[in-house]
Amino acid sequence: MRRLRPRTALPPLSARNAHNARFSLAGRSRRSRRFPTSSLLVLPVLATLTSLALLAGCAGVEGLQSEGRARDVDAPRVLWPEYSPAPPGRDENPVALVPVPNVPRIPSGTMADANPLAVLDADIAAQGRTPPAPKAVRRPELHDITRDGKANLIMAVDLDPRTSELRVYSVRRTVVTRVLVLRGVLAGVELAAGHLVIREPTKDPRYVSVTDYVWDGHSMSLWNLTLDDARTPQTPRAGGGSP
């Protein structure tokens, strides 16, 4: 006869529920602490983007400020529009090509072979004026302004302690020809890259008017007209020129 093993009595239902609940909560707690790696990387990025969005929103609100109503701009009003000056005559055009009479032709084509004072006196006399005294004439300068490889003659005459006259001569088909004449207060005369630059004072002592002439193949053409800072007078070096 088979002996039966006595059955072990089961614990009460409440005790079993408490036991199962304890194991269930422990397992759930362990699972909840295991975060995926991708989630750990995304969280800082989201935080950074949120901060930037907040900062951008604040900057946008504070940066936009009203300056009030825009000022009305009126078109310039022209006074006496029916009046306009007549065009300059040949004698008033500073860049007109004027042959100088009563001077020899120059077959070589360079003003280096001309007599500077004779050219200047003949040109001024042809305009009905008395030639200047030699002491009023500055040292002649020979430079290639017309870019043909041959020297041009640049002369300056001091009419009084303030006003001077600048004249430039070239040889056009063996004929001595005046290509530029200017009268004014010559605060400076410069040559730069084939350009002849004239500096004249303005009513404001801080600035000078700068007129830039260049040979365009036919005549001296006005290249530019600007304002520049006035320069402090410099002591000429021995032999001329400025430091």
Side-chain angles (χ1 to χ4, degrees), residues 78 83-101 103 105-114 116-129 132 137-159 162-204 207-231 240-242:
V78 180
Y83 292 92
S84 60
R90 180 177 177 81
D91 294 339
E92 298 175 328
N93 185 359
V95 297
L97 303 184
V98 180
V100 179
V103 293
R105 289 177 175 263
I106 302 179
S108 64
T110 172
M111 288 300 298
D113 294 336
L117 289 179
V119 170
L120 179 66
D121 290 349
D123 186 24
I124 294 177
Q127 294 179 303
R129 294 165 47 193
V137 181
R138 301 185 189 181
R139 182 184 67 253
E141 294 283 350
L142 292 170
H143 299 278
D144 182 12
I145 299 177
T146 54
R147 301 183 181 182
D148 57 0
K150 298 179 180 180
N152 305 116
L153 176 63
I154 305 174
M155 302 288 289
V157 180
D158 295 324
L159 305 178
R162 181 169 176 81
T163 309
S164 303
E165 197 171 65
L166 181 73
R167 293 174 181 256
V168 181
Y169 301 94
S170 179
V171 178
R172 304 282 95 191
R173 298 180 180 179
T174 73
V175 177
V176 176
T177 305
R178 187 182 74 226
V179 298
L180 179 67
V181 57
L182 296 172
R183 177 181 291 192
V185 181
L186 302 182
V189 180
E190 303 170 356
L191 292 172
H195 290 232
L196 180 63
V197 181
I198 313 298
R199 303 172 65 88
E200 299 179 79
T202 64
K203 293 183 178 180
D204 190 331
Y207 304 103
V208 293
S209 171
V210 182
T211 309
D212 187 347
Y213 287 94
V214 66
W215 182 259
D216 63 5
H218 305 282
S219 63
M220 296 295 291
S221 175
L222 178 61
W223 178 266
N224 200 9
L225 181 61
T226 58
L227 288 178
D228 194 9
D229 294 333
R231 298 176 180 174
S242 59

Q: Any non-hydrogen side-chain atom of V98 less than 4.5 Å from a side-chain atom of V100?
A: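 The answer is no; the side chains never approach within 4.5 Å.
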Q: Taking atom CZ of R172 and atom OG of S219, what is their separation to the nearest 0.5 Å?
A: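 The distance works out to 10.0 Å.
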Q: Whether the N224 and T226 side chains hold a donor-acceptor pair (N or O, under 3.5 Å, no angle test) is what I'd like checked.
A: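 No pair is found: no donor N or O on one side chain lies under 3.5 Å from an acceptor on the other.
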Q: CG/L142 to CE/M111 distance, rounded to the nearest 0.5 angstrom?
A: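 If we round to the nearest 0.5 Å, L142:CG and M111:CE are 8.0 Å apart.
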Q: Below 4.5 Å, heavy atoms only, C-beta onward: do R105 and V171 meet side chain to side chain?
A: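 Side chain of R105 against side chain of V171, heavy atoms only: no contact under 4.5 Å found.
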Q: What's the separation between atom CD in E141 and atom CD1 in I154, rounded to the nearest 0.5 Å?
A: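 With rounding to 0.5 Å, CD (E141) is 7.0 Å from CD1 (I154).
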Q: Do P140 and L153 touch side chain to side chain, with heavy atoms closer than 4.5 Å?
A: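 The answer is yes, as the side chains (C-beta and beyond) meet within the 4.5 Å cut-off.
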Q: What pair of heavy atoms forms the shortest contact from I106 to A114, and how long is it?
A: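 Heavy-atom minimum between the residues: CD1-CB, 3.5 Å.
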Q: Give the intermediate values and the outcome of side chain to side chain contact (heavy atoms under 4.5 Å, CB included) for residues E165 and V181.
A: CA-CA 7 Å; E165 197 171 65; V181 57; 4.2 Å; yes
Q: Checking side chain to side chain contact (heavy atoms under 4.5 Å, CB included) for the pair I124/R167: CA distance, chi angles, key distance, verdict?
A: CA-CA 10 Å; I124 294 177; R167 293 174 181 256; 3.8 Å; yes
Q: Find out whether V168 and V179 are in side-chain contact, i.e. whether some heavy atom of one side chain is under 4.5 Å from a heavy atom of the other.
A: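 Yes, side chains in contact.
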Q: Could you tell me the separation between the OG1 atom of T146 and the CH2 atom of W215, rounded to the nearest 0.5 Å?
A: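 Result: 6.0 Å between the selected atoms.
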Q: Is T177 reaching over with its side chain to a backbone N or O of V175, donor-acceptor style, under 3.5 angstrom?
A: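 Yes, T177 side chain to V175 backbone: donor-acceptor pair under 3.5 Å.
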Q: In a check of side chain to side chain contact (heavy atoms under 4.5 Å, CB included) between L227 and each of V210, T202, D204, which one passes?
A: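 Running side chain to side chain contact (heavy atoms under 4.5 Å, CB included) over V210, T202, D204 with L227 returns exactly one hit, T202.
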Q: May I ask you to decide if S170's main-chain N or O and N152's side chain share a donor-acceptor pair within less than 3.5 Å?
A: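 Not at all, since once roles are kept as given, no pair shorter than 3.5 Å links the two residues.
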Q: Sequence neighbours left out, what passes side-chain hydrogen bond (donor to acceptor under 3.5 Å, both in side chains) with R138? Give chain and number order.
A: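 Partners of R138 under the side-chain hydrogen bond (donor to acceptor under 3.5 Å, both in side chains) test: D158, S164.
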Q: When you measure from the side chain of D144 to the backbone N and O of G149, does any donor-acceptor pair fall under 3.5 Å?
A: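 Yes; judged by distance alone, with no hydrogens or angles, the pair exists.
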Q: Could you tell me the separation between the CG atom of L182 and the OH atom of Y213, rounded to the nearest 0.5 Å?
A: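 So the gap between those two atoms works out to 4.5 Å.
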Q: Please tell me if the side chains of P132 and D121 come closer than 4.5 Å, counting only heavy atoms from C-beta onward.
A: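 Yes, their side chains come closer than 4.5 Å.
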Q: Tabulate below the donor-acceptor pairs under 3.5 Å that side-chain atoms of residues 184-197 make, not counting sequence neighbours, or state none.
A:
{"residue": "E190", "atom": "OE2", "partner": "R231", "partner atom": "NH1", "Å": "2.6"}
{"residue": "H195", "atom": "ND1", "partner": "D212", "partner atom": "OD1", "Å": "2.9"}
{"residue": "H195", "atom": "ND1", "partner": "D212", "partner atom": "OD2", "Å": "3.1"}

Q: In this structure, are over 12 heavy atoms from other groups packed under 6.0 Å from R129 atom CZ?
A: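 Yes, enclosed.
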Q: Salt bridge (charged side-chain N to carboxylate O under 4.0 Å, His left out) between K150 and D113: does it pass, once the steps are laid out?
A: CA-CA 11 Å; K150 298 179 180 180; D113 294 336; over 6 Å; no
Q: Grab the two heavy atoms, one from A118 and one from V103, that are nearest each other, plus how far apart they are.
A: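 What the structure gives for the nearest pair is O-CG1, 4.1 Å.
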Q: Can you measure from CG (L120) to CE (M155) and round to the nearest 0.5 angstrom?
A: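 Those atoms lie 4.5 Å apart.
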Q: Could you tell me which non-hydrogen atom of P101 sits nearest to which non-hydrogen atom of P99, and how far apart they are?
A: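 Taking every non-hydrogen atom into account, CD-O, 3.5 Å.
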